[in-house]
Amino acid sequence: MDKLVENQAAANQASDKDAPLKEDIRLLGRLLGDVLRDQEGEAVFDVVETIRQTAVRFRREDDAEAGKELTDLLARLTQEQTITVVRAFSYFSHLANIAEDQHHIRRRRAHLLAGSKPQQGSVGFALGKLKAAGVTRDTVQTFFRDALIVPVLTAHPTEVQRKSILDAEHDIARLLAERDLQLTPKERRANLQLLQSRIATLWQTRMLRYSKLTVADEIDNALSYYRITFLRELPGLYDDIEEELAAQYQTEPAGPGAAPYVQMGSWIGGDRDGNPNVNAGTMQQALVRHATTILDFYLDEVHTLGAELSISTLMVSVSPELQALADGSTDTSPHRSDEPYRRALIGMYARLAATARALGATNILRKEVGHAAAYADAGDFSADLQVLIASLQANHGAILAHPRLARLQRAATIFGFHLASLDMRQSSDVHERVLAELFARAGVEPSYGSTSEAQKVELLLAELAHPRLLFSPYTDYTEETNGELAILRAAKEIRERYGVRAIRNYIISHTETVSDLLEVLLLQKETGLLRSGAGELDAMVVPLFETIPDLQRAAGIMAEWMALPLVAQLIASHGQLQEVMLGYSDSNKDGGFLTSNWELYKAEIDLVKVFADARVKLRLFHGRGGTVGRGGGPSYEAILAQPPGTVNGQIRLTEQGEIIASKFSNAEIGRRNLELLVAATLEASLMPHVEGGVHSQRLAGFEAVMADLSQRAYQAYRNLVYETPGFTDYFFAATPIAEIAELNLGSRPASRKSTRRIEDLRAIPWGFSWGQCRLLLPGWYGFGSAIGGWIADGERDERIATLQAMLHEWPFFATLLSNMDMVLAKTDLAIASRYADLVPDAELRERIFKRISGEHGNTLRCLETITGAHERLAGNPLLARSIQNRFAYLDPLNHLQVELIQRHRANAGAPVSADNRVHRGIHLSINGVAAGLRNTG
C-alpha cells in the first residue's frame, strides 16, 4: 500500500510539473481556435472543433462509435473544408512543439535555480563522473585540445520550413516564454494580443513551398538555423565548458589560438550522390552563402561593439598595439580622436566589408567608412580582436571584453570565413565511369570497367605515381566526366578562396573495394587536390559503408587501404588519422532494424582492431537519420552506446530533415543539444571501461546471442520485404510513397533509378513513408520473430534471464530496446489499417497486413518479456505523456491524409488544376504528421 501511495505521489508531482505545459497548450489551442473562428467563420470552426472532440473521444475512450463518426465526418468534408481542417491540425502540431520546447527550457532552468547537481547529459555531469573515476586534468585538457565533434547538416528535407514560418514561430516561442515572467495585467494583455497576432500571421502565411525545391532553397533553409542558434550559442557553449573545467579541474582558459573542438559541417550543395542538381555551381553558391552569413554576423557584431566601446584615452590608457590599430583606421573624424577602440573597430569593419565583397557578398547593409584592404583570412581578423581584448585587460577593462568581444573572437575561431566545412559526396560507380573514359581517351586502358580488382589497383597506383595527367584540354569528354572534374576543380578554388577548412572531405558512397578509394585519389591528382610526390592530399578520402555486405567488408578494405605506402604517407599528413563513414539508413533498408544495428556494432569493433594494428587514429562519421530505423533516436545515448575505442574524441554525425528544426530552431534547446554531443563524446572517450575476465566473457556471450538474433531478424525482414510476392505493390499502395515522390519535398529524387524496386528507393522516403502511415516498420520489424524464436529454441526461463541481463549490463542492447520502445509508442495499427484499405487488391491487403500486425503483436510481447514493462515508455513518462497527448490531434491528420490520397488516386489522369487543392492538402498533412511525431524524417 505504501508503494502505491509513493507511486501516486510521484505521478502527482510529475503532473504538477507538467501543469504549465498543459496550460500553454490549452492557451495556444484556444488562440488558434479564435483565429480560425475570426478568419474562416463560425461554421468552419465548429467543423474543426467537432472533429477534434470526436478524435479525442475515439482516442481516450476507444469508442468504436466515435471512430465511425470521425470517418463519416471527414468523408463529408468539401475540398476547401479539408484543406482548412488539415491546416488547423498541422498548425496545432507546430504550436504544441513550441509549448513542449518552452517547457523543457522551463524545467531545466528550475533545476539550475534549485542549485541541484548537474543534469545527466551536461558537460558538468560528465566532468564530475570523470573526476570521480580518477581521470586526470591533463587527460581532460588533452581531450579538448585534440577533439573534433562535428554535427553535419544534410539536405534530406522531409520538412523544409519556410523562413517566414520559422520567424513567426520564433516570435511565438519568445512571447510564450515571457509569460513565465512577472507581468503586470496590462503587459499580460499586450502579450496575449501579440501572441494572437502572430498566430494569425501564421494562419495567413503559406506554410509550405509549392514550387520545386532547389539546392539553393535547401542551403538557405539550413542557414536559418545558424542565425537562430549556432552563431551565438556555440561560442557561448565554449564559455560554459571553460567555466566547468575551471570549477572541477582548475584549468586555465584556452587561448585564442586553441583549435575549436566543436565545428559545423554541411552536405548541402556538395552531396551529389543521386542528385543531378548538385554541381560545381552549387558548391560555389553554398560557400558564397556561407561566407555571406558569417560575415554579416561579424559586421553586425563589430558595428555593435563600436557603439559599446566608447572608451576615451582621457580616462584610461590603451596598449601601443591598439593605438596602432586605431591610427591605421579608415576613420579620421576629429570627434573620435580620443576613442581608439571605436576608430579601430571602424577600420576593422571596413576590412570586413572588403572581405565580404571579395568572397561574393553583394548586399552589405551598412556602408563602411573609407576603403580598406580585405583580411587575408579569419586568423588576421581574430588577431585584431585579440589586440582589443589584450588592451582592455591591461587597462582596467577586462570586464568589457565579456561577453560580446570575447565571443566574437571565439566565433572567428570556430567559423572562420567559411562558416561550415562542406563535404563532397558521390557514388563509386560514377568515379569508375569517369576514370574509364579518361583511361580510354588517354590510350592507357581501353576497358577499365571490366578489369579485375587487382588490375584496377595496380593501374591506379601506377597512375598515381606518374607525374603526367590523363586529362587533355584538347579532347572531348562526356558531360558526366566534365561535370565531375569541374566539381573537384571548384573544390580547389574554394579552398584557396575561403580557407582550407572550407572543404576537407570527399565521401564515397557504395564503397565496396580498395579501388573505389584509389579512384578518388587519382581524380584529386587530376585536379590538383593531390600532390602525390609531396604526399599532400587536400580532401581526405572517406569511404561510406552502407549495406549489410559493405559493413561486413569494411575492416578488410580499410586494412588493405592503410597498408599501401602512398596511403600511409597521406594519412600521416592528416595527423595519422583516417575517417570512415557508416550508413545507418541503407543498412536498415537492406537488413532491418536489429541486423543493421548489430552489423554496425560489429563493423566498429573490427575497425577499431584494424586501426590499432595500423597505428592510425579512427574517426567515425555516423550517417544517422531522423527515424530510429535510420539511426535516429537520442544522440547522447547513441554515443555512449558505441563500442569502446570507437569515439576517442573524434566524431561526426549527420542531422537531417525535421530533426534539424526539432533540435535547433530554438536557441536554448539548440545549445542544450550541442552540449549533449560534447558531454557524450567526453564520457565515451575518457570514462574507464570495465575490463577483465568475467565482464569479457559475459560480453562475448551477449555478442553470441546478438549474432543469433540478428540472423533470425534478418531472415524475417528480408522474407517480408524482398521475398513476399506483391509486397512492393502493397508498399506503394498502403503508404504515401508515391505522393511523397511527386511532391516538392526536396531537390533529390526519391529513387536512385526510375523503377518501383525497393532496392532502388532511397532510404529516406522508405522510412518516411512508414512513419506517415504510423507503422514505422523499419524501426521494429523482425524483432519479435528473432526473440520469440530464440527463446523457443532453448530453456525459456534461462534465455529470458540472459536477455534481461543484456538489457541491464550492455548499453548497446539497452539503447536498441529504448529506441524501439519509442518507435512502438508512436506506432498505431488502427491508423495503419486505414492506409492498408488503400490497397485495391483485398487478398494482398489482408495477407500482408495480417503478417505485419502479427509481427507487431509478437514484438510487443517480446519487449514486455524482457523489460517487464507493459506500457510503452515506462522509463520516460514525460515522453509517453507527450506522445499520448498528441495522438488525438494527429489521428485526424492521418484520417484526412488517407481521404486525400483516395481522392488524388481516383483523379489520376484528370487535369492537374483539378487536383491542386488535393495535392496541397496531402503536402500539408505530411508536414503536420511529421511535426507531430517529431522524428520521422
Worksheet item: Taking 4.0 angstrom as the limit, do R671 and D240 come out as a salt bridge?
Response: yes
Discussion item. Between the side chains of E579 and R504, is the shortest nitrogen-to-carboxylate-oxygen separation below 4.0 Å, so that they form an ion pair?
Written reply: no
Item to complete: Could you tell me whether E536 and R495 make a salt bridge, using a distance below 4.0 angstrom between a side-chain N and a carboxylate O?
Response: no
Worksheet item: When rounded to the nearest 0.5 angstrom, what is the spacing between CD in E178 and CG in L181?
Response: 6.5 Å
Discussion item. For the CZ atom on R357, are there more than 12 heavy atoms of other groups (residues, nucleotides or ligands in this structure) within a distance under 6.0 Å?
Written reply: yes
Worksheet item: Between E675 and S122, is there a donor-acceptor pair closer than 3.5 Å when you use the side chain of the first and the backbone of the second?
Response: no
Worksheet item: Minimum heavy-atom separation for L345 to V302, with atom names?
Response: O-CG1, 3.5 Å
Worksheet item: Is the backbone of L570 close enough, under 3.5 Å, to the side chain of S573 for a donor and an acceptor to pair up by distance?
Response: yes
Discussion item. Please report the interatomic distance CD1(I364) to CG(L352), rounded to the nearest 0.5 Å.
Written reply: 9.0 Å
Worksheet entry | Heavy-atom side-chain proximity of T142 to R145 below 4.5 angstrom | yes
Worksheet item: Will you find, in the side chains of Y249 and Q141, an N or O donor that is under 3.5 Å from an N or O acceptor?
Response: no
Fill in: Smallest separation among heavy atoms of S391 and S319, with atom names
OG-N, 3.1 Å
Worksheet item: Can any side-chain N or O of T815 pair as donor or acceptor with the backbone N or O of P811 at less than 3.5 Å?
Response: yes
Worksheet item: Taking atom types as modelled and ignoring hydrogens, do the side chains of H303 and Y349 form a donor-acceptor contact shorter than 3.5 angstrom?
Response: no
Discussion item. Does any part of the side chain of E655, heavy atoms only, come nearer than 4.5 Å to the side chain of N673, both counted from C-beta?
Written reply: no
Worksheet entry | Interatomic spacing from CD in E100 to CG in N666 - rounded to 0.5 Å | 12.5 Å
Worksheet item: Quick check: are there more than 12 heavy atoms from other residues, nucleotides or ligands sitting under 6.0 Å from NZ of K131?
Response: yes
Discussion item. For D239 and R410: C-alpha separation, side-chain torsions, deciding distance, then whether salt bridge (Lys or Arg N to Asp or Glu O under 4.0 Å) applies.
Written reply: CA-CA 9 Å; D239 288 350; R410 181 87 71 183; 3.4 Å; yes
Worksheet entry | Donor + acceptor pair across side chains of R106, H103 (<3.5 Å) | yes
Worksheet item: If you take all heavy atoms of R227 and D220, which pair is closest and at what distance?
Response: NH2-O, 4.2 Å
Worksheet entry | Side-chain (Y238) to main-chain (Y261) donor-acceptor, under 3.5 angstrom | yes
Discussion item. For a 4.5 angstrom cut-off between non-hydrogen side-chain atoms, does M348 reach L305?
Written reply: no
Practice prompt. Report the distance from atom CG of D296 to atom CZ of R366, rounding to the nearest 0.5 Å.
Written response: 10.0 Å
Discussion item. Can you tell me which residue among R619, K617, Q578 is in a side chain to side chain contact (heavy atoms under 4.5 Å, CB included) with F611?
Written reply: Q578
Worksheet item: Between CD1 of I507 and CG of D423, what distance do you get to the nearest 0.5 Å?
Response: 4.0 Å
Worksheet item: Going by atom types only, do N395 and S317 share a side-chain donor-acceptor pair under 3.5 Å?
Response: no
Worksheet entry | F230/L419 under side chain to side chain contact (heavy atoms under 4.5 Å, CB included): CA gap, chis, key distance, verdict | CA-CA 10 Å; F230 300 121; L419 185 70; over 6 Å; no
Worksheet item: Distance-only, no hydrogens or angles: does the Q248 side chain make a donor-acceptor pair with backbone N or O of G124 under 3.5 Å?
Response: yes
Practice prompt. Show your working on salt bridge (Lys or Arg N to Asp or Glu O under 4.0 Å) between K492 and E496 and close with a plain yes or no.
Written response: CA-CA 6 Å; K492 182 172 176 57; E496 291 169 353; 3.5 Å; yes
Item to complete: State, with a plain yes or no, whether a side-chain heavy atom of P151 is found less than 4.5 Å away from one of K663.
Response: no
Discussion item. Side chain to side chain contact (heavy atoms under 4.5 Å, CB included), that's the test. Do E301 and R404 meet it? Break it down for me.
Written reply: CA-CA 8 Å; E301 291 297 288; R404 190 183 304 276; 3.1 Å; yes
Practice prompt. State, to 0.1 Å, how close A667 and T229 come at their nearest heavy-atom pair, and which atoms those are.
Written response: CA-OG1, 3.6 Å
Fill in: More than 12 heavy atoms of other groups within 6.0 Å of H396 NE2
no
Discussion item. With a 3.5 Å distance limit and no angle check, can you tell me whether S685 reaches the backbone of T681 through a side-chain donor-acceptor pair?
Written reply: yes
Worksheet item: Below 4.0 angstrom, N of the basic side chain to O of the carboxylate: do E668 and R672 qualify?
Response: no
Response to the item:
Partner of H622 under side chain to side chain contact (heavy atoms under 4.5 Å, CB included), picked from R652, Q642, M581, is Q642
Worksheet item: Taking atom types as modelled and ignoring hydrogens, do the side chains of T654 and Y584 form a donor-acceptor contact shorter than 3.5 angstrom?
Response: no
Practice prompt. Report yes if the side chains of L682 and L127 come closer than 4.5 Å at any heavy-atom pair, otherwise no.
Written response: yes
Worksheet item: Of the non-hydrogen atoms in T154 and I660, which two are nearest, and what is the gap between them?
Response: O-CD1, 4.1 Å
Discussion item. Using modelled atom types and a 3.5 Å cut-off, is there a donor and acceptor pairing between side-chain atoms of T355 and backbone atoms of Y375?
Written reply: yes
Discussion item. One pair to check against side chain to side chain contact (heavy atoms under 4.5 Å, CB included): V288 and Y498. What are the steps and the verdict?
Written reply: CA-CA 9 Å; V288 168; Y498 297 95; 3.4 Å; yes
Practice prompt. Please tell me if the side chains of D377 and D380 come closer than 4.5 Å, counting only heavy atoms from C-beta onward.
Written response: yes
Worksheet item: Using 4.0 Å as the upper bound for N to carboxylate O, is an ion pair formed by D331 and R342?
Response: no
Worksheet item: Hey, is CG on L314 packed in by over 12 heavy atoms from elsewhere, all under 6.0 Å?
Response: yes
Discussion item. Parallel, tilted or perpendicular: which one describes the rings of F415 and Y226, with boundaries at 30° and 60°?
Written reply: perpendicular
Worksheet entry | Stepwise side chain to side chain contact (heavy atoms under 4.5 Å, CB included) check, L287 with R497 | CA-CA 10 Å; L287 264 298; R497 190 177 188 190; over 6 Å; no
Practice prompt. Answer yes or no: is there a donor N or O on one side and an acceptor on the other, between the side chain of Q650 and the main chain of D146, under 3.5 Å?
Written response: yes
Discussion item. On a heavy-atom basis, which atom in L385 and which in L405 lie closest, and how many Å separate them?
Written reply: CD2-CD1, 3.7 Å
Worksheet item: Judged by atom type as modelled, is there a donor-acceptor pair below 3.5 Å linking the side chain of T413 to the main-chain atoms of Q409?
Response: yes
Discussion item. Can you confirm whether L529 sits close enough to Y506 that some side-chain heavy atom of one is under 4.5 Å from a side-chain heavy atom of the other?
Written reply: no
Worksheet entry | Greater than 12 external heavy atoms within 6.0 Å of E252's CD | no
Practice prompt. Taking side chain to side chain contact (heavy atoms under 4.5 Å, CB included) as the test, write out the residues that go with N97, two or more places apart.
Written response: R886, A931, R934
Discussion item. As an exercise, state the distance from CE of M264 to CZ of R501, rounded to the nearest 0.5 Å.
Written reply: 12.0 Å
Worksheet item: Are L231 and I294 side-chain neighbours, meaning at least one heavy-atom pair lies under 4.5 Å?
Response: yes
Item to complete: Spell out, as yes or no, whether a donor-acceptor pair under 3.5 Å connects the side chain of H371 to the backbone of A350.
Response: no
